[in-house]
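Below is one structure, written out as structure tokens; the observations come after it.
Within every chain, numbering begins at 1; the chains are lettered A, B, ... in the order of the sequence lines, protein sequences first and strands thereafter.
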2 protein chains.
Amino acid sequence: MAYRHQFIADELRAQISTGRIKAGDRLPSEAQLASRYTVSVPTLRNALAVLQGEGLIEKVHGLGNFVRQPFQWITYVGGSRRADAHAAAEAGLRVSVRTVRLKARGILVDLMQVPAGATLVEYRYLSLEGESPHSLSRVYVPSDSARDDDHEGAEPIGGDGLVARLAAPHPPLAEVRERISARLPTNEEAMALRISTALAVLSIERVAVDADGRVVEGALLVLPGDRADAVFTTHHTMNEGRGTEG
Amino acid sequence: MAYRHQFIADELRAQISTGRIKAGDRLPSEAQLASRYTVSVPTLRNALAVLQGEGLIEKVHGLGNFVRQPFQWITYVGGSRRADAHAAAEAGLRVSVRTVRLKARGILVDLMQVPAGATLVEYRYLSLEGESPHSLSRVYVPSDSARDDDHEGAEPIGGDGLVARLAAPHPPLAEVRERISARLPTNEEAMALRISTALAVLSIERVAVDADGRVVEGALLVLPGDRADAVFTTHHTMNEGRGTEG
DNA sequence: GAGTGGTCTAGACCACGAG
DNA sequence: TCGTGGTCTAGACCACTCA
């Protein structure tokens, strides 16, 4: 039960974790590694696929295989809203934003509980740590509650306008519902986050509702599973603590 | 940019979703499929790997590739405790339980905030839908707060003692913290849940704390990503609804 | 153009499951 | 024993990156 590609993956993983191969280094070419370990190229590529799935290396077509930088760990804190880009900015991450006005269709109709064709404003965030993307967020707001100073088009990375907008007061909020799932990324998401399609992502679907039950904001977040988790804290009063209320 | 294995995967997926190939059916052998689509066997196997990662088929060595049963969707509801097996029982799922007394080490020391070597009671649940496993839970309780009628060893599936124990009152509870992550399963988990190691799982680490800040219960849950998600609801009062409090 | 990774081929050899 | 999937080989051909 000792697979050759697993053995090679273990070897390379050890060399990476002990610093024998440093972050940012390029590995020898696949042909060179294959001959060093006396295996065929496809077998060696299987070994690299294991490391890629663990987020340890990054494959760049035409250039080679590179050891990835260790990541800053991101913890998503549940129960709040519109905090994603703001929290990322506080953590010293750069944030790129794109604002687009669009018509609700497909899953957005369910998410926002609006009729198909209703106008929504989409804010698309991509938080970056250096050159490597960290999280992908799509936040939706009904068009009538989007503020007048929201503008369409691209905004330069880390613009002050963004931070000001994020810090601005929001309409009263009654409830936040968050639905979490684990899956493999779509090709588009893997591309944007520059991760392997074999690396699991945490997918968060969030809806904020006001006191009248109207959806004030919806959000679709995608976080790479190798450097992100989500935390939720629920407070109980004393008499709630009994029985199985779930 | 049209990969042959992706094309074949799309073809087979369509045949499965339209019922042309029914749940439980065996696919033609890999060699037969390869010749039908005029590709090599490794390429065809890549196509099957895609479907396996989506949880649509199950590969059985020596027998063939089988279409999996559609699953009952499981939603984990955050904020409660010890509800897992109880909720599963209510949903009509069978539950198998193993109770073991053990000493804290490794991550359990952090999880339960006890000194290394402290005695814990572990309840290990595996909820089942028919023959196919649904979720894997390990629940830990400090030994001193484990009740006297807890016994070690295996308990028959669906025993009444379990339901009675789950419905029993618990000590007062102040707070539940849940940490969610997405990852690929370990080989052990994939084996227990009978899923592909390429199928993402939702991993939930839950800690329940009493009014004195002591850890009353810890739990490690693993849910297959193709049939499970988690939901959290946070209520806000009116004056909490302003600003970015996350 | 030289070197790299990405996809695919055709087939060998082994391990597993059932008759 | 036979058919099945699991791993691996040796190499072709293409696409990408950079000098």
Can you give the donor-acceptor pairs under 3.5 Å from side chains of residues 58-66 of chain A to other protein atoms, not counting sequence neighbours?
residue, atom, partner, partner atom, Å
A/Glu58, OE2, A/Arg194, NH2, 2.8
A/Lys59, NZ, A/Glu30, OE2, 3.0
A/Lys59, NZ, A/Asn65, OD1, 2.9
A/Asn65, ND2, A/Glu30, OE2, 3.4

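Within residues 37-48 of chain B, the residues that have a heavy atom under 4.0 Å from DNA chain C are, in order of number, B/Thr38, B/Val39, B/Ser40, B/Pro42, B/Thr43. Contacts of residues 20-34 of chain A with DNA chain C (heavy atom under 4.0 Å): A/Arg26, A/Ser29, A/Glu30.
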So which protein N/O to nucleotides 14-19 of chain D N/O distances come out below 3.5 Å?
residue, atom, partner, partner atom, Å
D/dA15, N3, A/His61, NE2, 3.0

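For B/Asp25 (side chain) and B/Lys22 (main-chain N/O), a donor-acceptor pair under 3.5 Å exists by modelled atom type. Within the 3.5 Å criterion, the main-chain N or O of B/Thr38 finds no donor-acceptor partner in the side chain of B/Ser35. Formation of a donor-acceptor pair under 3.5 Å by the B/Glu189 side chain with backbone atoms of B/Thr186 is found in this model. Without hydrogens or angle criteria, A/Ser17 side chain to A/Ala14 main chain gives a donor-acceptor distance under 3.5 Å.
Contact record, A/Arg36 with A/Pro28: NH2-CG, 3.7 Å, taken as the closest heavy-atom pair. The nearest pair of heavy atoms linking A/Ala198 to B/Leu184 is O-CD1, 3.5 Å.
Read 5' to 3', the first and last nucleotides of DNA chain C with an atom closer than 4.0 Å to a heavy atom of chain A are C/dG3 to C/dT7.
A salt bridge is defined here as a Lys NZ or Arg NE, NH1 or NH2 lying under 4.0 Å from an Asp or Glu carboxylate O, and B/Arg206 with B/Glu217 meets this definition. A salt bridge links A/Arg13 to A/Glu54: at least one charged side-chain nitrogen sits closer than 4.0 Å to a carboxylate oxygen.
Judged purely by distance below 3.5 Å, without hydrogens or angles, the side chains of B/Gln32 and B/Tyr37 never pair a donor atom with an acceptor atom.
No more than 12 heavy atoms of other residues, nucleotides or ligands lie within 6.0 Å of CZ in B/Arg105, so this atom counts as exposed by the packing criterion.
Legend: residues meeting side-chain contact (heavy atoms from CB on, under 4.5 Å) with A/Ala182, ordered by chain and number and at least two apart, are B/Ala182, B/Ala200, B/Leu202.
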